[in-house]
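Shown next, in structure tokens, is the structure this report addresses.
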Amino acid sequence: MNKFLMSGNFIIGEAAIRAGCRFYAGYPITPQNELTEYMAEHMRRAEGGVFLQSESEVAAINMIAGASAAGARVMTSSSSPGISLKQEGISSMAACELPGVIVNIMRGGPGLGNIRPSQGDYFQATRGGGHGDYRTMVFAPATCQELADLTMDAFDYADKYRTPVMILADGMMGQMMEPVIFKKPKPRQYPEKFMLRGAGDGKSKFIRGLLLDPIDSEEHNWKLARKYEVIVENETRHEEHLCDDADLAIVAYGTAARIAKGAIKRLQDSGMKVGLFRPITLWPFPEMKLRALSEKVKRFLVFEMSTGQMLDDVRLALQGYAQIDFHGRPGGAVPTPAELANVVARVYSKKAQTVY
Amino acid sequence: MVKIVSQRPKSLKDKIFHYCPGCGHSIVHRIMCEVIDEMDIRGITIGVPPAGCAVLAYNYFDVDMIEAPHGRGPAMASGIKRALPDRIVFSYQGDGDLAAIGIAESFHAANRGENITVIFINNAVYGMTGGQMAPTTMLNQRTTTSPDGRKQSLDGYPVKVSEIFSQLPGTTYIERCMVNSPAGVNKTKKAIRKAFQCQRDGLGFSLVEILSPCPTNWKMNTIDSCKWIDDVMSNVFPPGVFKDDIKARATEAAV
Ligand SMILES: Cc1ncc(C[n+]2csc(CCOP(=O)(O)OP(=O)(O)O)c2C)c(N)n1
Ligand code: SF4
């Protein structure tokens, strides 16, 4: 298989097109512009491919919702403030059970924040983000190879569960270059009965999110909830790195996990047994896997490029079974592996325990 | 022999409208379905109803439909049409939907010259939410959020969508009609047919603005509502064809 050396944003675009994405709409925002530009250049060359530069993120999400209903494989991408604008549309896609992939290349926030890498959108991504009782699957790649693989997988999951799926990365992942191999995409399996293509001679169909009758609406909510339960049951993914004999495990995802690996190398070199637990799906969070690890490892340090959001999920998973510490750098500040190693070393050797 | 002079259009489901008596929505639904039947396009038509009184339009139109979030119909319709260029795609919108919250989506779909049709119900108020001021509310018109009448110094002026959109080079056909009289209804039907035909011929963006009674929120009876359209509304929103580039586009397309 051919290896390609490409930057993260380009990889997502290429992986999407290879996965059969034929409709992309987006609005410029740093640090994900290269992805929109890649789609502009390559999507229209793919057979039946549509690229639309929308007038806003609000329009983009509704454009992909329309194209998704019409049966196309669809994607939009943006960065934090733009993702906020898409939330009504994401909620609507979840309600209408429309598949689609949404890429968030996170930047510093809140507000306009800055264009530096950050992980401040964890809550927004994993708690549904928009209004109402729904969840979106969230993948957090940490290497360029994973950007390629998970982008392709995201389309399959979106179809399988008829739901919007999010790729949550940050400016660092978007800009980084690493060699990748694009795997062979699976053929699409999405029944025509879910598509709106005109009734022909048959019965007409409709897709709606408004359910005025509270009992109908409750039933629909429970139906979605049952689907989310299946996802939680079957689709968590994570990586454990050097956890087998670890005294302490860092819990980190995406770019933070890469920094953690650098820190762990330093710590291991100075004789400290530190491992990494890396959630790859943020929703569903690999809760049971983390709890299982707490039978072996009793100290955890959550490291995020935020003031502590995944920390909540780690607390829920560990529920007092282990000691949890936290280190965070919000607002676009990116710590070095050396900085993190120092923090971990202090916690590692500390007697006093902070149990969250 | 019995001669049928009038019957329910095939594309109109056999359901009782939930609209208030005298409401323009039901009239427009019916004539749209007549056009869909006459053009024999039921099987290839996909409609996008709005958040607004017409949110349940899928209960009446027997064509494929997907409801859009408030104001986003033209973005959704653009997505559908680009994915399925040979279908007839329309967005059905109220004045709050089109000219307030969704003005960006409408304006830019028009400006891109999307080959879709927008049916625009101008009833000078937000109907569904209980008669608040819309971008199209007349000066001095009382609504629940302009209790002393709309004041230009506070609320600005009624937005003239047809006039404004006809300035956009991307648009092909724009007409404003009224459904407050049999003649007006016939004229509106012709305009809708022309708009759909424009789309079918691949000639670009068409919009039919329809001055439409909302007796409930105007707090008038049906007859006075129809009169009010003649006496007041149509002075601010004069009916007429604001843009008709159909011939020019057809010639362009032929060349
Ligand atoms: C984001 C959002 N904001 C507000 C609403 C509430 N809402 C529903 S319909 C509507 C206005 C409808 O008025 P109009 O578009 O003029 O249509 P009409 O009901 O008069 O036909 C509003 C404000 C909503 N559904 N979504
Ligand atoms: S409130 Fe107005 S627009 Fe809505 S159904 Fe009643 S008359 Fe029609």
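Contact of B:L56 with chain A is made through the side chain alone, with heavy-atom distances under 4.5 Å. Looking at A:V74, there are no atoms closer than 4.5 Å to chain B (heavy atoms on both sides), in backbone or side chain. Neither the backbone nor the side chain of A:I61 has a heavy atom closer than 4.5 Å to any heavy atom of chain B. Both the backbone and the side chain of A:L196 come within less than 4.5 Å of a heavy atom in chain B.
At distances below 3.5 Å, at least one donor-acceptor pair connects side-chain atoms of B:D64 with backbone N or O atoms of A:K205. Without hydrogens or angle criteria, A:E88 side chain to B:P69 main chain gives no donor-acceptor distance under 3.5 Å. Formation of a donor-acceptor pair under 3.5 Å by the B:R87 side chain with backbone atoms of A:R197 is found in this model.
Residues A:A70 and B:A83 come closest through the heavy atom pair CB-CB, 4.0 Å. Closest heavy-atom contact between A:F23 and B:R82: CE1-CB, 3.8 Å. A pairwise comparison of heavy atoms in B:I80 and A:G66 identifies CG1-O, 3.3 Å as the closest pair.
Between the CD atom of B:E114 and the CE atom of A:M63 there is a distance of 6.5 Å, given to the nearest 0.5 Å.
The greatest number of non-hydrogen atom pairs below 4.5 Å with chain A, out of B:V63, B:I66, B:N111, is found for B:I66. Taking B:A109, B:S78, B:A104 one by one and counting their heavy-atom pairs under 4.5 Å with chain A, the maximum is reached by B:A104. Per-residue heavy-atom pair counts under 4.5 Å with chain A were compared for B:V55, B:T45, B:I44, B:L84, and the maximum is reached by B:L84. Per-residue counts of heavy-atom pairs under 4.5 Å with chain A were compared for B:H70, B:K13, B:E105; the largest is that of B:E105. Highest contact tally toward chain B, considering only A:L210, A:V50, A:V58, A:D201, is held by A:L210 [criterion: heavy-atom pairs under 4.5 Å].
Within 6.0 Å of the OH atom in A:Y27, the count of heavy atoms belonging to other residues, nucleotides or ligands does not exceed 12. Annotation for B:I101: atom CD1 counts as buried by contact number, over 12 foreign heavy atoms lying within 6.0 Å. With a 6.0 Å radius and a threshold of 12 heavy atoms from other residues, nucleotides or ligands, A:N33 has its CG atom above the threshold.
Between B:D62 and A:S204, the side chains place a donor N or O and an acceptor N or O closer than 3.5 Å (distance only, hydrogens not considered).
A 4.5 Å side-chain heavy-atom check between B:M76 and A:I64 finds every atom pair outside the cut-off. Side chains of A:F206 and B:E67 form no contact here, defined as non-hydrogen atoms less than 4.5 Å apart. At a threshold of 4.5 Å between non-hydrogen side-chain atoms, the residues A:E55 and B:R112 count as touching.
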